[in-house]
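Beneath this line is the structure, given in structure tokens, with notes to follow.
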Amino acid sequence: MQNLEGLENRPNYAFVKLDITDSNAVALCFEEIKPDWIIHFAAESHVDRSILGPRAFVDTNIVGTFNLLESARQIWNGNFFEKVFHHISTDEVYGSLGAEGYFHETTAYDPSSPYSASKAASDHLVSAYFRTYGVPTKITNCSNNYGPRHFPEKLIPLMILNCLNRKPLPVYGKGENIRDWLYVDDHCDAIWEVATRGRVGETYNIGGASEIKNIDVVHAVIKVVSEETGCPIDRLESLINFVTDRPGHDLRYAIDFSKIKNELGWQPKETFESGLRKTVRWYLDNTSWVKSVQSGDYRNWMQVQYNQGQ
Ligand code: DAU
């Protein structure tokens, strides 16, 4: 809830806590609120969690998306004027790239993990609702987000917090996997452009133009944390710990975002350097947020995944 602070008094804001796998609750909520636009972010998102427990991913990402689509179809009832159902998805649906090439909107789906398979399935449901019922859908497939408020199960915030706490920095395999890093504000701008001006029934890829090997991401985090806190760089480098690789670990993701650039004029504004510094500063300045998310659940996760107490 801390992430929503400051919105409470807006006249066009309401918060409803419900489980999207509960079809009745979703239907009632939609009947009450009668939304014109639905921008669907709700998902289980962490690949490692999907490897240890895939069921929640099928339930939330596939059944949950189905429930939202079905309720939208019911309340709109064929009147799609100025309506939008926008599904937030991932580049992981395309599988893994080798050393060359990019994901395009036309790349065949080839997901590797239970997480990405569940997102692929939900994308297909969204497309089917457009083709079959005419529900005005849009899909965006983004690369790896980073920035303030990122839950510290993901690589960048995990490395920042473990540096600050002088805990081991677990790098899977040899750290040679490549991800394309997209600053969260750039992602939000892109979503806005697609939701407001993107074509109905279309998919848009969103990338950060920042392809980096994991081990270089870790070195970059160490450098910025060292500069911002004065902790000697060697001390932080000594925390790097190469651990067993993720099963089915995709080697490389890279996004061709020329469609959104050419059609809607969007491109990322943040460089990885500037975005990472803002991110590290945010974690240093928001210790109470950090403390609150490092709850019992988080500690359990760290124990299960890394055998590491927090
Ligand atoms: O590409 C978009 C996707 O990016 C999103 O759809 C997912 O929801 C999001 O979780 C993210 O998936 P990744 O698996 O790429 O993100 P993650 O931060 O878990 O890992 C990034 C890379 O770092 C990946 O190659 C695995 C590696 N890694 C990750 C963790 C958590 C490590 O080496 N050590 C770690 O402890």
Side-chain angles (χ1 to χ4, degrees), residues 40-52 56-57 60-61 87-97 102-103 107 109-123 139-147 150-163 167-184 186-187 190-191 205-222 239-255 257 272 276 279 298 301-308 310:
H40 169 27
F41 290 87
E44 290 289 342
S45 72
H46 198 48
V47 174
D48 296 326
R49 287 185 194 256
S50 82
I51 294 168
L52 288 175
F57 288 72
T60 300
N61 297 355
H87 186 223
I88 308 302
S89 192
T90 171
D91 59 359
E92 298 200 10
V93 297
Y94 300 123
S96 183
L97 290 166
Y102 291 90
F103 294 137
T107 301
Y109 277 31
D110 186 20
S112 306
S113 68
Y115 160 68
S116 50
S118 70
K119 291 298 286 186
S122 56
D123 281 0
I139 299 175
T140 47
N141 296 86
C142 69
S143 59
N144 283 62
N145 283 223
Y146 72 103
H150 205 186
F151 193 71
E153 62 190 0
K154 311 285 191 219
L155 180 71
I156 289 183
L158 178 72
M159 295 297 151
I160 294 172
L161 295 184
N162 282 12
C163 277
K167 300 242 177 196
L169 308 177
V171 177
Y172 298 161
K174 294 182 179 154
E176 282 174 354
N177 304 66
I178 294 175
R179 297 291 182 265
D180 169 33
W181 294 95
L182 171 65
Y183 191 68
V184 62
D186 278 329
H187 188 195
I191 291 167
N205 282 349
I206 305 171
S210 291
E211 267 188 66
I212 310 176
K213 268 189 199 170
N214 290 341
I215 189 64
D216 294 333
V217 169
V218 176
H219 289 313
V221 169
I222 287 174
L239 298 172
I240 293 178
N241 183 24
F242 291 97
V243 297
T244 310
D245 210 351
R246 172 187 281 175
H249 197 172
D250 289 335
L251 177 66
R252 173 172 167 258
Y253 303 147
I255 290 253
F257 58 85
F272 186 68
L276 184 60
T279 307
Y298 180 72
W301 170 249
M302 295 306 283
Q303 196 62 49
V304 169
Q305 176 68 6
Y306 302 103
N307 203 15
Q308 190 183 105
Q310 285 292 305

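One-based numbering, in listed order, for ligands and for the atoms of each.
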Next on the checklist: For the backbone of Arg252 and the side chain of Asn177, can you confirm whether one donor and one acceptor N or O come within less than 3.5 Å of each other?
Outcome noted: no
Checklist entry - For the residue pair Phe242 and Gly175, what are the closest heavy atoms and their distance? => result CE2-N, 4.4 Å
Next on the checklist: Given 3.5 Å as the limit, does a donor-acceptor pair link the side chain of Asp180 with the main chain of Gly208, or not?
Outcome noted: yes
Item to check | Atom indices of ligand 1 within 4.0 angstrom of Ser45 heavy atoms, with elements | outcome: 7 (C), 8 (O), 9 (C), 10 (O)
Checklist entry - Of the protein's non-hydrogen atoms, which lies at the shortest distance from atom 20 (O) of ligand 1, and what is that distance? => result Arg246 NH2, 3.9 Å
Checklist entry - Looking only at heavy atoms, what is the nearest atom pair of Asp91 and Tyr253, with distance? => result OD2-CB, 3.5 Å
Checklist entry - Are Val243 and Tyr306 close enough, and set up right, to give a side-chain contact (heavy atoms from CB on, under 4.5 Å), and what steps lead you there? => result CA-CA 9 Å; Val243 297; Tyr306 302 103; 5.6 Å; no
Item to check | ligand 1 N/O within reach of Asp48 N/O, cut-off under 3.5 Å | outcome: no
Next on the checklist: For the backbone of Arg179 and the side chain of Asn214, can you confirm whether one donor and one acceptor N or O come within less than 3.5 Å of each other?
Outcome noted: no
Item to check | Proximity of Glu92 to ligand 1 by residue part, where a heavy atom lies under 4.0 Å | outcome: side chain
Item to check | Nearest non-hydrogen protein atom, atom 29 (C) of ligand 1 | outcome: Tyr172 CE1, 3.6 Å
Checklist entry - At the 4.0 Å heavy-atom cut-off, does His249 count as touching ligand 1? => result yes
Checklist entry - Ignoring hydrogens and geometry, is there a side-chain-to-backbone donor-acceptor pair from Ser50 to Tyr115 under 3.5 Å? => result yes
Checklist entry - Are side-chain N/O atoms of Asp48 and Tyr172 paired as donor and acceptor at under 3.5 Å? => result yes
Next on the checklist: Does only the side chain of Asn144 get under 4.0 Å from ligand 1, or the backbone, or both, or neither? Count heavy atoms.
Outcome noted: both
Next on the checklist: So, taking the atom named CD in Glu153 and the one named CZ in Arg49, what distance separates them when rounded to the nearest 0.5 Å?
Outcome noted: 4.5 Å
Item to check | Where ligand 1 meets Lys154 - atom numbers and elements under 4.0 angstrom, heavy-atom basis | outcome: 10 (O), 18 (O)
Checklist entry - What residue and heavy atom of the protein are closest to atom 27 (C) of ligand 1, and at what distance? => result Asn214 ND2, 3.4 Å
Checklist outcome for this item: The reported gap from CG in Asp186 to CD1 in Ile191 (rounded to nearest 0.5 angstrom) is 11.0 Å
Next on the checklist: Using a 3.5 Å cut-off on N or O atoms only, is Met159 in polar contact with ligand 1?
Outcome noted: no
Next on the checklist: For ligand 1 and Glu153, I'd like to know whether there is a polar contact (N/O to N/O, distance under 3.5 Å).
Outcome noted: no
Item to check | Ligand-residue contact atoms, ligand 1 with Tyr115, heavy atoms, under 4.0 Å | outcome: 5 (C), 6 (O), 7 (C), 8 (O)
Item to check | For Tyr306, atoms of ligand 1 separated by under 4.0 Å from a heavy atom | outcome: 30 (C), 31 (C), 35 (C), 36 (O)
Checklist entry - How far is atom 18 (O) of ligand 1 from its nearest protein heavy atom, and which residue and atom name does that atom have? => result Leu155 N, 2.8 Å
Item to check | Which of the ligand 1 atoms, numbered from 1, are nearer than 4.0 Å to a heavy atom of Asp91 | outcome: 1 (O), 2 (C)
Checklist entry - Taking distance alone, with no angle check, do Tyr253 and ligand 1 share an N/O pair under 3.5 Å? => result no
Checklist entry - CG of Asn162 to CG of Leu169: how many Å apart, nearest 0.5 Å? => result 6.0 Å
Checklist entry - Can you tell which part of Leu158 has a heavy atom less than 4.0 Å from ligand 1: side chain, backbone, both or neither? => result side chain
Item to check | Residue part near ligand 1, for Val47, under 4.0 Å between non-hydrogen atoms | outcome: side chain
Next on the checklist: As an exercise, identify every atom of ligand 1 less than 4.0 angstrom from a heavy atom of Val171.
Outcome noted: 33 (O)
Item to check | Residue His46 vicinity, atoms of ligand 1 by number, heavy atom under 4.0 Å | outcome: 19 (O)
Checklist entry - Polar-atom distance check: Ser143 versus ligand 1, any N or O pair below 3.5 Å? => result no
Item to check | Option passing side-chain contact (heavy atoms from CB on, under 4.5 Å) with Met159 (candidates Leu239, Val221, Ile240) | outcome: Val221
Checklist entry - Which of the atoms in ligand 1, numbered in the order shown and given with their element, are less than 4.0 Å from a heavy-atom of Pro170? => result 32 (C), 33 (O), 34 (N), 35 (C), 36 (O)
Next on the checklist: Please determine whether side chain to side chain donor-acceptor pair (under 3.5 Å) holds for the pair Asn205 and Tyr94, giving the CA-CA distance in whole Å, both sets of side-chain angles, and the decisive distance to 0.1 Å.
Outcome noted: CA-CA 11 Å; Asn205 282 349; Tyr94 300 123; 2.9 Å; yes
